[in-house]
Amino acid sequence: MPNDASIKIDGKEYPYPVMIGSEGEKAIDVRNLRKDSGHIFYDQGYGNTGSCESQVTFLDGDNGILRHRGYPIDQLAKHSDYIETAYLVIYGELPTEAQRKKFGDLLRENAHIEPQMQRLFEGYPKNTPPMVVLASLVASLAGYYPDLATNNFEKDLQQFDLSAAMAISKIRTLGAMVYRHGRGLPFMHPKALPFCDNFLHLMFSEPYHDYVAIPEVTSALNLILLMHADHEQNCSTSTVRMVGSSGANLFTSLAAGIGALSGPLHGGANTAVMNMLQSIHDENDDGTRFIEAAKGGSKSNRLMGFGHAVYRNFDPRARVIGEACSVVLKKLGKSDPLLDIAQNLEQAALKDDYFVSRKLYPNVDFYSGIIFRALGIPTNMFTVMFAIGRAPGWIANWKEVASNPKGRIYRPRQVYTGPVKRDYVPMARRG
Ligand code: CMC
C-alpha cells in the first residue's frame with residue numbers, strides 16, 4: 001500500500017497509507033497515529049470512521065445506492081426472495097438449487113423452540129415490549145445450544161451453518177411467539193412450510209383453524225423482510241460486530257444487536273412513524289404540527305421515518321417500499337387512510353426548506369408500517385419484524401469478525417473531559 005496521505009501535527013508530518021475499497025471508497029489507515037504522534041482522531045458517533053473492512057454490503061448514501069454482495073437492492077427486490085437474499089448476504093453468492101434446498105431444510109429443521117425454553121415466556125408480563133422479550137430469548141439460545149455457543153471463534157465457526165440457520169429460523173419463530181404471548185394466545189408449532197408462510201401460520205393460525213396462506217400476503221412479507229436484510233455498519237450491526245469482537249458467540253451478539261435496534265432512532269422508528277400517522281388521522285390533522293415540531297431541533301421531536309445517518313438522497317429501500325404499499329393494498333383489496341396521510345406528509349416535508357436544506361428524505365421506516373399493517377401485524381410488533389428481516393446481515397457481519405484471523409477486539413478511545421486528579425475526601429469533610 002503506498003504512503004499517500006500525511007497528517008501534519010505541530011509541524012511534523014506523519015505518512016499513512018490510503019486504502020481504497022472495491023467501489024472506490026477511500027480511507028486513511030491511521031491505526032498507528034496514536035503510537036506515532038500521541039494523538040487520536042475525535043469522531044463522535046463514528047460518522048467518519050471505517051471500523052472494519054467488509055464484503056457484505058455496499059452503500060453510497062450520496063447517490064442512494066444499496067447493493068448486497070454486489071447485487072443492487074432493486075434487482076433483489078424484483079427477482080429474489082427473503083431466504084435467497086439471506087443466503088446471499090451470509091454466504092456471499094446466490095445459492096445453487098442444491099444449496100438453496102439445503103439451507104431451506106436447515107431452516108425448517110430448526111424452526112421449533114424447545115418446550116423448556118417456551119416456559120421462559122411465562123415470566124414476562126403480557127405487556128412487556130416485544131423487543132425486550134425477543135432480545136432476552138435470543139440471548140437464551142446460547143444456554144439451550146451450548147455446543148454452538150462456546151465463545152471460542154474456531155469452535156463456533158465449525159458449526160456456523162447450523163447456528164446461522166438456527167438463528168434465522170428461531171428469531172422468526174420467537175417473534176411470532178412474542179406476539180401470541182402478548183395476546184394471551186396459545187403458541188403454534190412450526191410446520192413444514194416455506195419460511196414466510198410458516199411465520200404467518202405461527203402468528204395467525206389457531207388450534208382449531210389453520211391460517212390459509214394468501215400468495216399476495218406471502219410475497220409482500222418476503223419483499224419487506226428482504227428490504228431489511230442488511231444495511232452496512234448501522235447501529236445494530238456495529239453492535240453485533242463489537243460484541244462479537246470480544247469472542248462472544250453468535251446468539252449473544254445477536255441479542256445485543258436486537259437491543260440496539262429497539263431504539264426509536266433506529267429500528268424503533270417504524271413503530272413511531274405509525275403512531276405519528278395514526279395520531280394525525282385520529283386528530284384529523286394535516287401533519288403540520290409534526291413538521292413544525294421536528295424543526296425545533298430536539299431529538300425527541302424528529303419527524304420519524306425521515307433522515308438517515310448515511311443517505312443524503314432518497315433511501316432506495318423507501319422508494320421500493322413506498323411504491324409497494326399501493327400495490328400490496330390493491331392486491332389485498334384494502335385501503336388505508338394512513339397511506340394518504342404518509343404521502344401528503346412526505347410531500348409537505350419535501351417542500352419545506354428545513355428538510356430540503358438538510359437533505360432529509362423518507363427512510364425505510366416511513367412506509368414499511370403501512371405494509372405491516374396490511375398484513376395484520378400490530379404496531380408494537382413492527383420492530384420485531386425489522387429484527388427478523390435484519391438477522392442475515394447481523395449474522396454475516398458476525399461471521400466476518402469471527403473468521404478474521406487478524407481481527408482485534410473493538411475498543412474505541414475517548415477524549416476524557418471529566419475532573420483531573422484530586423484526592424479522596426472523607427465523608428465528614430464533604431458538603
Ligand atoms: N427530523 C427533524 N430533523 C432531523 C431529522 C428528522 N427526522 N433527522 C435529522 N434531522 C436534523 C438534525 O437535527 C440535524 O440538524 P442540524 O443540522 O440543525 O443540527 C440535521 O438534520 C442533520 O442530521 P444528520 O446528521 O443527518 O442526522 P444523524 O445522523 O444525527 O441522525 C437519524 C440520523 C436517522 C438518527 C435521524 O435522521 C433521525 O433521528 N431520524 C428520525 C428517526 C428515524 O426515522 N430513524 C430510522 C433511520 S433508518 C432505519 C434504521 O436505521 O433503523
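One-based numbering, in listed order, for ligands and for the atoms of each. For the single chain, residues carry numbers from 1 onward in sequence order.
For ligand 1, the atoms sitting less than 4.0 Å from at least one non-hydrogen atom of Gly305 are 43 (C), 44 (O), numbered in the order shown with element in parentheses. Of all the atoms in ligand 1, the ones that sit under 4.0 Å from a non-hydrogen atom of Val364 are 49 (C).
Ranking protein heavy atoms by distance to atom 47 (C) of ligand 1, first place goes to Asn363 ND2, 3.5 Å.
Of the polar atoms of Phe355, none of the N or O atoms is found under 3.5 Å from an N or O of ligand 1, judged by distance alone.
Under 4.0 Å is where a charged nitrogen must lie from a carboxylate oxygen, and between Lys102 and Asp105 no such pair does. The pair Asp315-Arg319 fails the salt-bridge criterion, with no side-chain N (NZ, NE, NH1 or NH2) lying under 4.0 Å from an Asp/Glu carboxylate O.
Atom 52 (O) of ligand 1 lies below 4.0 Å from at least one non-hydrogen atom of the protein. Distance check for atom 41 (C) of ligand 1: a protein heavy atom is found below 4.0 Å. Counting protein heavy atoms under 4.0 angstrom from atom 29 (O) of ligand 1 gives one or more.
The heavy atom nearest to atom 50 (C) of ligand 1, considering only Arg312, His266, Gln44, His228, is found in His266. For atom 20 (C) of ligand 1, the choice among Met304, Arg302, Arg358, Lys295 with the nearest heavy atom turns out to be Arg358.
Looking at Lys359 against ligand 1, nothing comes within 4.0 Å, counting heavy atoms.
Side-chain contact, Ser236 with Trp394: a donor N or O sits under 3.5 Å from an acceptor N or O.
Here the two rings, on Phe121 and Phe187, have centers that are under 6.0 Å apart.
Closest of all the heavy-atom pairs between Tyr71 and Leu76 is O-CD1, 3.8 Å.
For the side-chain hydrogen bond (donor to acceptor under 3.5 Å, both in side chains) condition, the pairs that include at least one residue of residues 347-366, sequence neighbours left out, are Lys295-Asp352. Within the structure, side-chain hydrogen bond (donor to acceptor under 3.5 Å, both in side chains) pairs that include any residue of residues 123-136 comprise Tyr124-Ser136 (at least two apart or interchain).
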